[in-house]
Amino acid sequence: MSRLGNLGARLYRGEVGYDFVGKRKIWYGISILITITAIVGLAVRGLNMGIEFSGGAVFNSPPTSVSATQAQRTAEDASGHVAVVQKLGNKTLRVQVSELTTEQSRKTQEALAKKLDVPVDKINTDIVGPSWGDQIAKKAWTGLGIFMILVVIYLAIAFEWRMAVAALVALIHDLTITVGVYALVGFEVTPGTVIGLLTILGYSLYDTVVVFDGLKESSKDITKQTRFTYSEIANRSLNGTLVRSINTTVVALLPVAGLLFIGGGFLGAGMLNDISLALFVGLAAGAYSSIFIATPLVADLKERDPQMKALTKRVRARRAADAAKAEAGDAPAHAAGEDEDVQDAAAGVVGQRGEDAGRSRGRGGRPSGKRR
């Protein structure tokens with residue numbers, strides 16, 4: 001077995017672990033700091049909206065030897081607006097200028113044709129009105145709202161409302177960070193960006209549901225035992241799914257990184273930049289939020305339940321009694337079976353083995369069955 005696989009098995013059995021839930025205030029502080037940075041970047045720099053949302057024109061040229069810098073200068077002089085120019089792999093140019101009127105678009109097309117020394121009709125022009133962008137934005141917000149509502153309803157039915165609230169907070173956390181990074185980096189927000197944002201919500205939710213499912217199984221019949229609090233069982237469950245979450249995220253990030261750094265960086269593919277940046281940042285933020293935000297937040301909410309408060313008091317009382325017996329030199333009667341109790345408590349079936357063992361013994365402590 002590989003070293004990582006061995007570590008995963010030990011985490012799952014509870015032999016090793018890290019106290020994620022116990023140090024939740026640290027993770028909350030880090031998340032708040034990152035979120036504030038993203039919001040400040042969004043407020044100061046704002047989003048660089050593409051022509052699909054702000055309106056404008058896109059000019060595509062035939063193969064040419066004119067550089068992107070020369071074409072950009074020509075387009076800006078003719079239109080009076082900032083132009084974004086990309087040199088594509090087939091030596092063609094893609095010139096994008098936002099907020100152009102029909103007259104400005106015609107003048108820009110003629111100026112580019114003259115600079116490239118080609119007929120005007122060889123410069124393909126696509127004009128996008130701002131009203132179309134408003135429709136796209138409204139549909140995106142509508143889709144996002146419907147998705148959030150369905151997520152909350154599903155998690156509330158499949159698990160409980162506390163997990164639904166924690167998952168919703170984690171999703172908002174991921175969206176805020178991703179949008180903030182877009183503002184800081186200055187990438188254009190296009191329909192590809194919207195697709196990427198909606199996609200990362202699914203990935204983030206998947207990681208969160210995996211952890212919640214393990215937590216649901218581990219906390220079954222939790223009030224029937226007195227060895228672990230809800231927070232401790234939540235932490236054990238999180239450690240049990242930690243390696244799986246990391247593996248899933250790394251496998252998903254590798255192809256996305258290829259799209260972002262190779263497809264977008266070296267090949268200059270604009271649409272790949274739009275989708276891959278949203279996916280890359282969103283997947284990383286989703287993995288972080290499912291581990292460091294969602295589960296600790298569920299534990300915080302659950303610990304406020306009266307039953308969980310009573311359980312915490314019983315656990316502390318038992319530990320205090322065991323400590324007192326240990327100091328007095330009287331080992332607690334359950335010490336010999338401590339390892340088995342730990343495993344049973346994590347699965348929510350503490351005490352079941354003891355009952356089974358009691359039924360298996362006959363009268364006088366002898367195994368049951370017929371005598372020979």
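Counting from 1, the numbers follow the sequence of the chain as shown.
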Should V118 and T64 count as side-chain neighbours, where that means a heavy-atom distance under 4.5 Å?
no
Is a side-chain N or O of K115 found less than 3.5 angstrom from the main chain of A75, in a donor-acceptor match?
no
Evaluate the side-chain proximity of Y230 to L301: yes if any heavy-atom separation is below 4.5 Å, no if none is.
no
Donor-acceptor under 3.5 Å (S31 side chain, Y28 main chain):
no
Going from CG on D174 to CG on L283, what distance comes out if it is rounded to the nearest 0.5 angstrom?
9.5 Å
Say you draw a straight line from CG of L311 to OG of S231; how long is it, rounded to the nearest 0.5 Å?
10.0 Å
T176 and L42, any side-chain heavy atoms less than 4.5 Å apart:
no
Taken to the nearest 0.5 Å, the spacing of K23 NZ from F292 CZ works out to 10.5 Å
Compare all side-chain heavy atoms of I123 with those of P62 and state whether any distance is below 4.5 angstrom.
yes
Donor-acceptor under 3.5 Å (T312 side chain, M308 main chain):
yes
Does the pair T178 and I200 meet the rule for a side-chain contact (heavy atoms from CB on, under 4.5 Å), with working shown?
CA-CA 10 Å; T178 306; I200 65 173; 3.6 Å; yes
Atom pair OG1/CG of T295 and D300 - distance to nearest 0.5 Å
11.5 Å
Just by distance, do the side chain of S67 and the backbone of Q70 share a donor-acceptor pair under 3.5 Å?
yes
Using only atom types and a distance under 3.5 Å, with no angle test, would you say the side chain of R162 pairs donor to acceptor with the backbone of V298?
no
Side chain Q109, main chain V120, donor-acceptor under 3.5 Å:
yes
Quick check: do L144 and L175 have side-chain heavy atoms less than 4.5 Å from each other?
yes
Consider side-chain hydrogen bond (donor to acceptor under 3.5 Å, both in side chains). Of K114, R106, K107, which one does E110 pass it with?
R106
Are V151 and M148 connected in a single hydrophobic cluster, I mean Ile/Leu/Val/Met/Phe/Trp/Tyr linked by side-chain heavy atoms less than 4.5 Å apart?
yes
Heavy-atom closest contact (M163 atom, F212 atom, distance)
O-CE1, 3.3 Å
Evaluate the criterion side-chain contact (heavy atoms from CB on, under 4.5 Å) for residue pair F147 and L150; output intermediate values, then yes/no.
CA-CA 5 Å; F147 177 84; L150 292 178; 6.0 Å; no
Exceeds 12 heavy-atom contacts within 6.0 angstrom, atom CG of D117
no
Closest non-hydrogen atoms of T208 and A167, given as atom of the first, atom of the second and distance, are CG2-CB, 4.2 Å
Using a 3.5 Å distance criterion without hydrogens, assess whether the side chain of N60 forms a donor-acceptor pair with backbone atoms of R94.
no
Least distance between heavy atoms, S290 atom then L238 atom
O-CD1, 4.4 Å
Identify whether V315 and V21 are in the same connected component of the hydrophobic contact network (ILVMFWY, side-chain heavy atoms under 4.5 Å).
no
ILVMFWY network linking W141 to L197, side-chain heavy atoms under 4.5 angstrom
yes
Report the C-alpha distance between R73 and E76 in whole Å, list the side-chain angles of each, state the deciding distance to 0.1 Å, and finish with yes or no for salt bridge (charged side-chain N to carboxylate O under 4.0 Å, His left out).
CA-CA 5 Å; R73 189 180 300 114; E76 290 178 348; over 6 Å; no
Determine the interplanar angle of the F159 and Y154 rings, folded into 0 to 90°, and report it as parallel if under 30°, tilted if 30 to 60°, perpendicular if over 60°.
perpendicular
Of the non-hydrogen atoms in Q225 and R314, which two are nearest, and what is the gap between them?
O-NH2, 4.4 Å
Verify side-chain contact (heavy atoms from CB on, under 4.5 Å) between L198 and L201, making sure each step is shown before the conclusion.
CA-CA 5 Å; L198 294 177; L201 294 179; 4.3 Å; yes
A83 and V97: which non-hydrogen atoms are nearest, and at how many Å?
CB-CG2, 3.8 Å
Would you compute the distance between atom CG of D305 and atom OG1 of T223 and round it to the nearest 0.5 angstrom?
10.0 Å
Kindly indicate, with the supporting measurements, whether the criterion side-chain contact (heavy atoms from CB on, under 4.5 Å) is fulfilled by V281 and Y182.
CA-CA 9 Å; V281 177; Y182 254 86; over 6 Å; no
Could you state whether I36 and I34 fall into the same hydrophobic cluster, counting links through intermediate Ile, Leu, Val, Met, Phe, Trp or Tyr residues with side-chain heavy atoms under 4.5 angstrom apart?
no
For V209, is there any backbone N or O sitting under 3.5 Å from a side-chain donor or acceptor partner on D213?
no
Tell me the closest heavy-atom pair linking S79 and T108, and the distance in Å.
CB-OG1, 3.3 Å
Can we say R319 and E232 salt-bridge, meaning some charged N sits less than 4.0 Å from an Asp/Glu carboxylate O?
yes
State the CD1-OG1 distance between I177 and T35, to the nearest 0.5 angstrom.
5.0 Å
Do V66 and V84 belong to the same hydrophobic cluster, where Ile, Leu, Val, Met, Phe, Trp and Tyr are linked whenever their side-chain heavy atoms lie under 4.5 Å apart, directly or via other members?
no
